[in-house]
Each structure stands twice: as structure tokens, then as C-alpha cells.
Amino acid sequence: MRVSAEARVDLDAIGDNIGLLRERAGDAEVMAMVKAEAYGHGLVEAGRAAVAGGATWLGVAKLAEALRLREAGVDVRTLVCLGVPGEPYEEAVARDVDLAVGAVWMVEEVAGAAERAGRPARIHLKADTGMSRGGAGERDWPALVDAALKAEASGHLRVVGIMSHFACADELGHPSIAAQLDAFGAMTRHAERVGARFEVRHIANSAATLTLPESRFDIVRPGIAAYGLTPMPSVGTFGLRPAMTLAASAALVKRVAAGSGVSYGLTYTTERETTLALVPAGYGDGIPRHGSNLLEVLAAGRRRTIAGRVCMDQFVIDLGDDDMAPGDEIVLFGPGDQGEPTAQDWADALGTISYEIVTRIGIRVPRAYSGRAV
Ligand SMILES: *Cc1c(COP(=O)(O)O)cnc(C)c1O
């Protein structure tokens, strides 16, 4: 490894995880969620790996992400899940990007853009079935459906899908799951009664894909599981394989005296004469500063806790009487099969979710891809 820190992404693991999710999906198609740089794994590369693994759709949050996929030549069906006023919807239509539409303002904007682009936009009506986040709730639903069907009748839109999102799919048996499925059914029936003809219905995220067969409908939309991380750590890993390994080379190794304070604030003090190693990755790379004196990494064959505060570009570990040479590898997290912590271990220590650990690895950290889909 010649770079100071890198995120190695095993594209075969992404392909295999998609294969596993396809089995869980039954007859439903798989839309791999690749928003936020594919949860830090790299939008275009992970997107291609997911398609190679059998995903027939890609899902993103924002239109700019979909346009980047198109720019890179990825032309699989792609859905933008989060609409914002003033986005270049004409380009979405021209680039054949599907749009989730959860408000009347967006029907109007998208229909206008489609008219200018000279072809109909494909939209998925977004139902708020109980999460109170995006989409139209029960009181706004009839007006949304009505506006969309009118725009469809005038040739500007095609209403191809209906979708929603679970609030608690990762909590087995949570009562909101059944309530959301009921609301989804009722909102689907209402729209169909007034003339909607949906090609696809979809609501399942990773947790639902893995544990709620009745939620699969026509498409499932796994995100975190595609990257090999479990959406339900207390239930299990479901045979998924983590795709990302974060590693760095030791920048400096030195012997220090007993009683030496380490890093900003001197919050760590060496108990004995010891060897410290400097790891060239910090919060500027996405290493959580809350992980100071807390998170473990694998160095010289053993787990070591970060010694003192995580700085912007670097942190220190205490090797005791073990030795390393500058340039030797330190594994911050990975699949866990070589003794390194996993992103889930870091998340547990920090009181967050693995999603945040991998997504926050910054643009300064180069991604190194391996696997057939490279
Ligand atoms: C992110 C996202 C998903 C995937 O969620 P995971 O828990 O990562 O599987 C599915 N649907 C929508 C609309 C999303 O925004």
C-alpha cells in the first residue's frame, strides 16, 4: 500500500450480497440503493457491481446522483427518491431517470419539465404510510393522485409506481410494520380505484427484504445489506459479507517514556515506556472524533485502542513493547475475518449505526477496488 489511508472495496462482495438479496426477494426485482456514494463505497463502481450481481434497478436520493450514473454510462432503471424544488427535472426526463413524487408541487414541476423535454416523465407516487417523513400522508394522498392522473391524461407523466418506506422494519414485530403495510394497501387501492395503473409497488428496505416476505411486492430496495452490513445487528449478519476495509500505513513509530501525554488535550498518558505508532487518518477522513480513547484498530497482530484524541489527519496507537515499521499496515475496520474490528463494532462502541461509519469515510480517502466488476 503506497497511500497513507485507503478504503478497499471488494466489488465481488457487493455482487454476492445482491445475489443473496435476490434469493430473499423471491419474484421481486432488486433495486440497489446507491445514494451517498453507495454508502461510502463509490457510486459508480458499487452501482456497476450491484448490476453485475443482478440488481435491475438502482436507487439514489438526489437527482445529481442519478445524473452522475448516466454520465458514467450506467443506464439501468434508476429512481430518485428525494425531490427538491428547482432541480433540473428536464434533464431527469431526458436522461430517462424515474422520479419519486410525494407532493403536488412536484407533479407540476415535473410535468412542466416533461412538456419542455418533449417526452413523458416516469414517476412513482410516494406514500407516507406512517413515518411522517417524505411522501403524501393519507390527508394529502387523494390530491396527489388526482394531480398525477391529470398530468398523465395530458401526456406529460406516466405513473409507473407506488412506493413507501418503513420506520421500524429493523425491529422484528414492531406494530408500526403491519400498520404501514395496511396503509400502503389502502392507499394503493384508492389510487387504483380512481384510475392509477401501477407497474411496480415497493416498500422494502434491507431489513424488510431479509425478514418480511409480505413486504416484497414487485421491487425490494436494499441499501446497507448490499454492502454486507446487517440492518439488524441483534438478529444476525444473514450471511452478508462486508465490502469495505479501511486501512492505513503507519506513518511513524517511536519509543516514548512512561508518563508521556498523547495527542490534543493529553487525554491519554503512557503507563510505562512504550512504543507509539502514528496512524495517518483522522476526522478529516471520517474517523469519528468521538472514537478518541475508544475505538479499536488492528495493528501488529492485535487490537489496539486509539490512544488520545483523534485529530483531523491522524491519531496515535500504543503498541506497548510490540514493534512496527513505518509503512506497515494498520486495519481500522473490515469484514472482521483477520481479527480487525468491523464497522458494526465501531458503530456499537459509538452508539450509532454501521450506515454512519461507512458513509462518513471522506473523499480524501482513495477507494481501491477489487473483484470481477472492476
Ligand atoms: C436508503 C433507502 C433505502 C435502503 O435502506 P437500507 O436500510 O439501507 O436498506 C430504501 N428506500 C429508500 C427510499 C431509502 O432512502
Side-chain angles (χ1 to χ4, degrees), residues 14 17-18 20-22 24-25 28-41 43 46-47 50 53 55-66 77-84 97-103 106 123-136 161-172 174 176-177 180-181 184 200-212 215-238 240 242-244 343-344 347 352-360:
I14 294 177
N17 294 326
I18 293 288
L20 183 150
L21 290 160
R22 277 178 75 192
R24 295 282 190 146
E29 293 186 46
V30 173
M31 177 187 295
M33 297 304 294
V34 293
K35 62 196 178 187
E37 282 307 316
Y39 295 44
H41 295 68
L43 170 67
T56 48
W57 292 74
L58 295 178
V60 293
K62 302 186 179 171
L63 176 53
E65 299 176 305
R77 281 288 281 277
T78 300
L79 175 66
V80 174
C81 293
L82 179 59
V84 181
V97 170
D98 287 45
L99 299 165
V101 172
M106 191 167 172
I123 69 164
H124 301 233
L125 292 180
K126 196 172 185 184
D128 170 10
T129 53
M131 188 174 178
S132 310
R133 198 179 66 170
I162 179 169
M163 64 184 288
S164 190
H165 194 57
F166 283 117
C168 306
D170 56 337
E171 297 177 46
L172 278 178
H174 194 285
S176 67
I177 295 169
Q180 285 199 258
L181 282 171
F184 192 54
V200 289
R201 299 157 298 158
H202 45 105
I203 188 170
N205 56 6
S206 294
T209 303
L210 292 166
T211 64
L212 292 170
S215 73
R216 287 168 194 159
F217 296 101
D218 304 302
I219 302 177
V220 295
R221 303 190 311 260
I224 196 72
Y227 310 105
L229 298 167
T230 175
M232 304 166 86
S234 61
V235 174
T237 58
F238 302 96
L240 299 163
M244 186 191 290
Q344 185 63 50
T352 184
I353 54 177
S354 62
Y355 300 62
E356 191 182 3
I357 301 300
V358 287
T359 303
R360 65 184 292 156

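Model, not experiment: these values are computed from the prediction. In each ligand, atom 1 is the first atom listed, and ligand 1 is the first ligand listed.
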Query - Side-chain donor or acceptor of H41 paired with backbone N/O of A38 under 3.5 Å - result: yes
Would you call [X] and [Y] a side-chain contact if the rule is heavy atoms closer than 4.5 Å?
X	Y	result
R201	M163	no
Y39	V34	no
L79	M31	yes
W57	I219	yes

[X] neighbourhood, listing ligand 1 atoms whose heavy-atom distance to it stays under 4.0 Å:
X	result
P222	9 (O)
Y39	1 (C), 4 (C), 5 (O), 6 (P), 8 (O)
M33	2 (C), 3 (C), 4 (C), 10 (C), 12 (C), 14 (C)
Y355	6 (P), 7 (O), 8 (O)

Query raised in the report: Do H124 and D98 have side-chain N/O donor and acceptor atoms under 3.5 Å apart?
Result: yes
Closest protein heavy atom (residue, atom, distance) for [atom]:
atom	result
atom 11 (N) of ligand 1	R221 NE, 2.9 Å
atom 9 (O) of ligand 1	S206 OG, 2.5 Å
atom 15 (O) of ligand 1	K35 NZ, 2.6 Å

Report summary line: The answer for which part of H165 has a heavy atom under 4.0 Å from ligand 1 is side chain
Requested in this report: Determine the sole option in L240, N17, V30 for which the side chain to side chain contact (heavy atoms under 4.5 Å, CB included) test with P222 is passed.
Outcome: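 With P222 as partner, side chain to side chain contact (heavy atoms under 4.5 Å, CB included) holds for just one option, V30.
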**Report entry** Contact check: I224 vs ligand 1, nitrogen or oxygen atoms, below 3.5 angstrom
**Finding:**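 Yes, I224 has an N/O under 3.5 Å of an N/O on ligand 1.
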Query raised in the report: Between G223 and ligand 1, does any nitrogen or oxygen pair lie at a separation below 3.5 Å?
Result: yes
